[in-house]
Amino acid sequence: MRWTQTYIPTLRDAPAEAELISHKLLVRAGYIRRLASGIYLYLPLMQRVIQKFSQIVREEMDAAGAVEITMSALAPAEVWQKSGRYETAGREQMRLKDRHGRDYVLNGTHEEVITSLVAGELKSYKQLPLNMYQIQIKFRDEIRPRFGLMRGREFIMKDAYSFDADVESHRLSYQKMVDAYFKIFKRAGLDSRMVESDTGAMGGESAHEFIVIVDTSAGEEYLSFCDTCECAANREKATFRDENPPTIDTETKDLEKVTTPNVTSIEQVTKFLKAKFLKVDAQRLVKTLIYNADGKPVVALIRGDRELNETKFNNLVHAVELELADEEMVRKVTGAPVGFAGPVGLKDIPIYADNEVLALKNIIVGANENDTHYLNANLDRDFTITESGDIIAASEGDLCPKCEGRLMCKKGIEVGNTFMLGTKYSESMGAKFLDNNGKEKPFFMGSYGIGITRTPQAAVERYHDDSGIIWPKNIAPYQVEIVPLNYKQDPLREAADSIYAELTAAGIDTLLDDRADRAGVKLNDADLIGCPVRITIGAKSLDAGNVELKARNSSDVQLVQVSEIHEAVKAMLETLK
RNA sequence: CGGGGUGUGGCGCAGCUUGGUAGCGCACCUGCUUUGGGAGCAGGGGGUCGGAGGUUCGAAUCCUCUCACCCCGACCA
């Protein structure tokens, strides 16, 4: 492609609204333009990136035995009402009416649509397993769109849906997708990490996310992974092993009330009590956290040296909205100022305890009274709990749950996800088949997404420098950019044209900067848009029959004879990621 | 939805406090010169100052309402 025949509006300054470096670069380098909040136009370069990545996705999905279809972006509301998600999807779902006043939604995902497709016609176990996917525009009325393509209201996604007759086959289908995902991200030049994730609104049995780790602030997902084994999890889900299990008293002691003037935090309480009674550590303290669950107070008990994981906690509480209670609620519930809450004497409030707390004896807790704590409180004798579970957060340096390694915590960008849905949707929507005994059964379904527009931005976030983007070769809009420093000079132009023709004929995606601009402008733009290989043609080296070959990710420059440039380019591309 | 902020030519901004009829850099067009990391000179085009109403002889500037956008939070691929 010749630069003057396409449209690459590069900008010297990034628009003020862009926050992330990747967002700024995509705008500055002329890949995207914003039409409205969370709605972007894909310009020629972006279109090529999207197509390249989509093609990789297609090839790997096809290789994994999935078949491509296209489902509508629009769907009648009934389809969503059937699964019950019309109500639960809430304000995130884009809705509209047609001219007759009938209700429609702009699909944010397609479980309902594909289930209704399959419900009437996929009837026999002989047709299973089946996996269908599409690459489609999705709509989500995000509360707050941001970060360019990362969180838009309209975006492109690959979504696949698998149908199986039984659990074993279901697991196999799931594994095939997982394998395909690793291949896809690898081909796109990205190191991805698969982590366990919370199933969230999607529901189902288990779920994983595929994450690209980034160092910048762009990462929205926190994940923890082991530095030794393959164990990795989203922070919402991460578990760890207790490194120094507390010594548990053998006998229970009598409950004792002590005055603790002005000591409200765990650190203060520990310090205060140590000074007084010695042998007190944070592990013996139990934190009592009051939460506001949809307007009603609930209590979380965790060991004093732990942090609460709100996602895990809410998996016990099942609240729509869960947040730390304000001072007023705490006073109302405990009858004491913040800092002295404890489970002893709390009435009519659900109390959820972390598993670790169950094992403890003679714990120290607030006494629901100003400046007072209890020593030697014991479960069942002094207080009761509603339910227990794992509700604590893993943090950097904790012991891996499966090996002797340490957990590391990093930020990442979620680029794909996989859900083992089981029979949740097929049951609610009546999607059934006949097994080999002629018995009617609901399908085992899986759902698998990849962010087609988000992933390239994640790549930019991962691969860039001060001058611009550095694309992995397989998703770069062009693999090679030719920069004749002065296109008006006959020898330079002729050399540029002939190399362009040769590379293009050889099937190498090549961009020729045939603009009449000065060298500096073109070189800067070349760095900005980030093609992995650059061929620079200048008068001095061309006099000796040479052009310059340079990789975007390196400062090394090779002088190459014009006659050998094709081979040299191929060789260089081989070495690049 | 709560808190904070911004709307002035395609992009980045000044002007607003103290009202007097719009300016700078980049980009764009023409010409000449220049030509290896965002050139120089000269000339030029483009803005109902987000919108509506009000105050005033006069509003980008003051007041009221409204819309859009951005940041922090809750939500999420």
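A, B, ... follow the sequence lines: proteins, then strands. Residue 1 opens every chain. Only heavy atoms go into these numbers, but all of them, side chains included; no hydrogens, no water, no symmetry mates.
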Closer than 4.0 angstrom, basic N to acidic O: yes or no for [X] and [Y]?
X: A:Lys82; Y: A:Glu112; answer: no
X: A:Asp513; Y: A:Arg534; answer: no
X: A:Asp465; Y: A:Arg552; answer: yes
X: A:Arg140; Y: A:Glu154; answer: no

Is there, by distance only and without an angle test, a donor paired with an acceptor across the side chain of [X] and the base of [N] below 3.5 Å?
X: A:Asp527; N: B:G37; value: yes
X: A:Ser541; N: B:G36; value: yes
X: A:Arg534; N: B:G36; value: no
X: A:Asp517; N: B:G38; value: no

Round to the nearest Å and state the distance from [X] atom [atom1] to [N] atom [atom2].
X: A:Arg518; N: B:U33; atom1: CZ; atom2: C1'; result: 11 Å
X: A:Met177; N: B:A77; atom1: CE; atom2: P; result: 19 Å
X: A:Arg144; N: B:C1; atom1: CZ; atom2: P; result: 15 Å
X: A:Leu41; N: B:G10; atom1: CG; atom2: C1'; result: 14 Å
X: A:Tyr161; N: B:A77; atom1: OH; atom2: P; result: 12 Å
X: A:His23; N: B:C70; atom1: NE2; atom2: P; result: 9 Å
X: A:Arg33; N: B:C69; atom1: CZ; atom2: P; result: 18 Å
X: A:Asp13; N: B:G25; atom1: CG; atom2: P; result: 14 Å

Which whole number of Å gives the distance between the [atom1] atom of [N] and that of [M]?
N: B:C57; M: B:C41; atom1: C1'; value: 45 Å
N: B:C71; M: B:C32; atom1: P; value: 47 Å
N: B:G50; M: B:C69; atom1: P; value: 16 Å
N: B:C63; M: B:A59; atom1: C1'; value: 11 Å
N: B:G23; M: B:C72; atom1: C1'; value: 34 Å
N: B:U21; M: B:C28; atom1: C1'; value: 27 Å
N: B:G9; M: B:G15; atom1: P; value: 15 Å
N: B:G7; M: B:U61; atom1: P; value: 12 Å

Original post:
Atom CG in A:Asn553, atom CD1 in A:Ile470: separation rounded to 0.5 Å?
Top reply: 6.5 Å

Subject >> CD1 on A:Ile452 to NZ on A:Lys158, rounded to 0.5 Å >> reply: 8.0 Å

Original post:
Nearest to the side chain of A:Thr536, which nucleotide is it out of B:A39, B:A77, B:G36?
Top reply: B:G36

Quick one: is [X] getting a side-chain N or O under 4.0 Å of the [N] phosphate, OP1 or OP2?
X: A:Arg12; N: B:G12; value: no
X: A:Ser467; N: B:G37; value: no
X: A:Arg146; N: B:G73; value: yes

Could you tell me whether [X] contacts a base, only the sugar-phosphate backbone, or nothing, with contacts defined as non-hydrogen atoms closer than 4.0 Å?
X: A:Gly449; result: nothing
X: A:Arg34; result: sugar-phosphate
X: A:Glu548; result: base
X: A:Gln489; result: nothing
X: A:Gly38; result: nothing

Suppose we define a pair by two distances each less than 3.5 Å, Watson-Crick or G-U wobble; what does [N] pair with here?
N: B:G2; result: B:C72
N: B:U17; result: none
N: B:G38; result: none
N: B:C24; result: B:G12
N: B:U56; result: none
N: B:A77; result: none
N: B:G46; result: none
N: B:U61; result: none

**OP:** Using heavy atoms to find the nearest nucleotide of RNA chain B for A:Ile537 and A:Ile143 separately, return the residue whose nucleotide is more 5′.
**Re:** A:Ile537

Subject >> Position toward the 5' end of RNA chain B (nearest nucleotide), A:Ala14 or A:Gly520 >> reply: A:Ala14

Original post:
Cation-pi between A:Arg95 and A:Tyr86: NZ/CZ under 6.0 Å from ring centre and within 45° of the ring axis?
Top reply: yes

Subject >> Lys NZ or Arg CZ of A:Arg515 over A:Tyr487 ring: under 6.0 Å, within 45° >> reply: no

